[in-house]
Amino acid sequence: MSRFAGKTVIVTGSSDGIGAQTAFQFATEGANVTITGRRAQNLEDLKERIVKSGISASSIHIVVGDITNVDVQKAIVEETVSKFGKLDILVNNAGAVFDEPQHIGTTSPNAVDLFDKNIDLNLKSVLSITNIAKPHLIAAKNSEVVNISSIASLKFGRTRFVYYAIAKAGLDQLTRAQALELIPHGVRVNCVNPGMVESGFITATGLPDEASKKIYEYAAKHRQAFPAERIGVPADIANIILFLADRKMSYYIVGQCIVADGGSSLVMGASLVDLTAALQ
Ligand code: NDP
């Protein structure tokens with residue numbers, strides 16, 4: 001059963017990780033999909049993987065470019081509508097953390113630069129491309145926007161990745177504002193907040209693949225921080241994105257931020273310490 005047959009989807013940041021898996025699942029469930037990111041070869045590889053699974057190459061359109069560039073945002077939307085005739089679903093997934101390995105807190109000499117970079121990619125580009133896409137989403141009727149935030153946005157104190165967390169918290173609030181504004185026009189907007197997911201996310205910070213592997217292995221050993229007993233894989237998040245983009249399944253969810261983190265945000269620091277050990 002092709003649940004997204006006849007639908008046209010844009011997945012930003014689909015050259016790796018969660019976005020690549022999401023684009024793959026939309027394509028194999030019948031949608032025409034625009035895939036986009038800066039790494040052209042990764043996008044070609046994804047297209048090949050989709051075609052090998054039996055999907056026509058004509059269902060996939062590639063746009064290479066930096067999503068923070070307004071001309072690239074316009075190209076993504078306009079080329080999609082010109083190739084596939086309309087736009088039904090926009091997944092704002094592209095994102096990354098900009099920080100310095102040695103940086104703790106908000107007093108780095110590069111604080112404002114780091115703030116700008118995190119905001120430009122994780123928040124401003126979503127605001128901008130959604131506004132560009134808006135008339136097409138409204139024209140398509142019964143259309144959907146899914147923003148990809150993070151549990152970094154939640155109400156916890158942080159001394160690392162502070163500006164990323166600020167950007168993602170802004171994205172949660174943007175989701176609610178967009179949802180209220182667009183629902184009268186037939187466009188639903190929702191958001192997913194993933195916890196730790198094994199992807200290219202750590203290497204994108206500039207660490208080598210080997211370091212990224214070590215961090216995921218280390219995290220996997222600390223099961224007390226992951227009640228679901230493993231860290232996430234891209235399909236864990238892609239499944240929720242497709243659910244939120246499927247009007248038949250999620251029509252009554254509007255403007256919500258759905259946490260998908262294997263329970264890690266439920267585990268408070270104090271609960272990791274067995275206080276009864278003091279009595280032994
Ligand atoms: P990846 O690094 O695997 O993928 C990120 C994607 O975003 C890539 O396709 C990358 O493409 C694209 N991207 C990054 N910067 C730009 C840019 N300037 N222009 C265009 N595309 C860009 O990470 P994930 O799949 O894990 O991340 C996907 C989303 O999930 C992000 O929004 C992230 O913040 C969020 N998230 C991830 C978590 C995790 O633990 N993995 C946890 C919580 C949230 P390219 O490099 O080719 O440009």
Side-chain angles (χ1 to χ4, degrees), residues 10-25 33-47 62-76 90-99 116-126 128-129 146-154 156 158 160-161 163-172 174-175 191-207 209 212-213 215-216 218-220 225-226 230-238 240-241 257-262 264-265:
I10 292 171
V11 183
T12 70
S14 33
S15 58
D16 208 347
I18 294 167
Q21 178 64 25
T22 301
F24 182 86
Q25 291 187 206
V33 187
T34 291
I35 57 177
T36 180
R38 291 162 302 177
R39 285 170 291 171
Q41 189 55 52
N42 278 37
L43 295 168
E44 290 296 342
D45 292 348
L46 173 60
K47 182 173 178 177
I62 292 178
V63 180
V64 179
D66 187 326
I67 192 75
T68 62
N69 179 328
V70 177
D71 291 334
V72 172
Q73 295 165 9
K74 284 182 185 156
I76 292 168
L90 171 64
V91 180
N92 288 312
N93 165 77
V97 63
F98 299 94
D99 210 340
D116 284 344
K117 282 185 177 150
N118 278 287
I119 294 284
D120 281 353
L121 175 60
N122 296 293
L123 181 55
K124 199 170 156 189
S125 75
V126 177
S128 180
I129 195 171
V146 184
N147 296 328
I148 311 309
S149 179
S150 166
I151 58 167
S153 74
L154 303 182
F156 307 116
R158 304 187 70 87
R160 299 211 76 101
F161 308 150
Y163 314 110
Y164 174 75
I166 291 169
K168 292 296 195 180
L171 182 56
D172 292 359
L174 179 66
T175 299
C191 173
V192 185
N193 301 64
M196 191 172 202
V197 174
E198 196 165 345
S199 69
F201 189 75
I202 293 174
T203 42
T205 66
L207 287 173
D209 284 350
S212 166
K213 202 167 153 250
I215 290 172
Y216 289 128
Y218 188 77
F226 302 92
R230 65 168 173 79
I231 58 173
V233 293
D236 291 324
I237 309 305
I240 298 163
I241 296 170
C257 294
I258 311 286
V259 171
D261 67 348
S264 58
S265 60

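Order of listing sets the numbers, starting from 1, for every ligand and every atom in it.
If you check the side chains of Q73 and N69, you find no donor sitting under 3.5 Å from an acceptor. With hydrogens and angles left out, the side-chain atoms of N92 and T12 include no donor and acceptor closer than 3.5 Å. For the residue pair N193 and D172, a side-chain donor N or O sits within less than 3.5 Å of a side-chain acceptor on the partner.
For atom 38 (C) of ligand 1, the nearest non-hydrogen atom from the set G195, S199, G65, S150 belongs to G195. Of the options S212, S149, G95, the smallest heavy-atom separation from atom 44 (C) of ligand 1 is shown by S149. With V72, N93, I76 as candidates, the residue nearest to atom 31 (C) of ligand 1 on a non-hydrogen basis is N93.
Under a 4.0 Å criterion applied to the non-hydrogen atoms of S14, ligand 1 contributes the atoms 9 (O). Listed by number with element, the atoms of ligand 1 under 4.0 angstrom from any heavy atom of S15 are 8 (C), 9 (O), 10 (C), 11 (O), 45 (P), 47 (O). Using a 4.0 Å cut-off to heavy atoms of I67, the atoms of ligand 1 that qualify are 17 (C), 19 (N), 20 (C). Shown in contact with L121 at under 4.0 Å from a heavy atom are these atoms of ligand 1, numbered in order with element: 15 (N), 16 (C), 17 (C), 18 (N). Heavy-atom proximity to G17, at under 4.0 Å, picks out these atoms of ligand 1: 3 (O), 25 (O).
Considering backbone and side-chain atoms together, Y216 places no N or O closer than 3.5 Å to any N or O of ligand 1. Residue V197 places at least one N or O, backbone or side chain, under 3.5 Å from an N or O of ligand 1. In terms of polar-atom proximity, defined here as any N/O pair under 3.5 Å, M196 makes no such contact with ligand 1. Between P194 and ligand 1, no pair of N/O atoms sits closer than 3.5 Å. Residue-to-ligand polar distances place Y164 within reach of ligand 1: an N/O pair is separated by less than 3.5 Å. For ligand 1, the polar-atom distance check against D66 finds a nitrogen or oxygen pair separated by under 3.5 Å. An N or O contact shorter than 3.5 Å is missing between I151 and ligand 1 by distance.
A pairwise comparison of heavy atoms in P194 and S149 identifies CD-O, 3.2 Å as the closest pair. A pairwise comparison of heavy atoms in L43 and V63 identifies CD1-O, 3.9 Å as the closest pair. The minimum heavy-atom distance linking A219 with I231 is given by the pair CB-CG2, 4.0 Å.
Within the structure, ligand 1 lacks A20 among the residues with a heavy atom less than 4.0 angstrom away. Residue-ligand proximity: N42 is placed with every non-hydrogen atom at 4.0 Å or more from ligand 1.
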### Query
Hey, mind stepping through I215 and L207 against side-chain contact (heavy atoms from CB on, under 4.5 Å) and telling me if it holds?
CA-CA 10 Å; I215 290 172; L207 287 173; 4.1 Å; yes

### Task
Could you please spell out the steps behind the side-chain contact (heavy atoms from CB on, under 4.5 Å) verdict for I18 and V197?
CA-CA 8 Å; I18 294 167; V197 174; 4.0 Å; yes

### Task
Please lay out, stage by stage, how Y164 and R158 fare under the test side-chain contact (heavy atoms from CB on, under 4.5 Å).
CA-CA 10 Å; Y164 174 75; R158 304 187 70 87; 5.9 Å; no

#### Entry: Steps toward side-chain hydrogen bond (donor to acceptor under 3.5 Å, both in side chains) verdict (T68, D120)
CA-CA 6 Å; T68 62; D120 281 353; over 6 Å; no

### Task
List the steps, then state whether side-chain contact (heavy atoms from CB on, under 4.5 Å) holds for D116 with F98.
CA-CA 10 Å; D116 284 344; F98 299 94; over 6 Å; no

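For atom 6 (C) of ligand 1, the nearest non-hydrogen atom of the protein is G13 O, 3.5 Å. Nearest protein heavy-atom neighbour of atom 15 (N) of ligand 1: R38 NH2, 3.2 Å. What sits closest to atom 25 (O) of ligand 1 on the protein, heavy atoms only, is I18 N, 2.8 Å. In terms of protein heavy atoms, atom 4 (O) of ligand 1 is closest to D16 CB, 3.9 Å. Of all protein heavy atoms, the one lying nearest to atom 3 (O) of ligand 1 is G200 N, 2.8 Å.
Using a distance-only test at 3.5 Å, with no hydrogens or angles considered, no donor-acceptor pair links the side chain of S128 to the main chain of K124.
Using a 4.0 Å cut-off between heavy atoms, K168 contacts ligand 1 through its side chain alone, with no backbone atom that close.
Taking the six-membered ring where the residue is Trp, the centroids of F161 and F201 are separated by 6.0 Å or more.
Between D16 and R39 there is a salt bridge, with a side-chain nitrogen of the basic residue lying less than 4.0 Å from a carboxylate oxygen of the acidic one.
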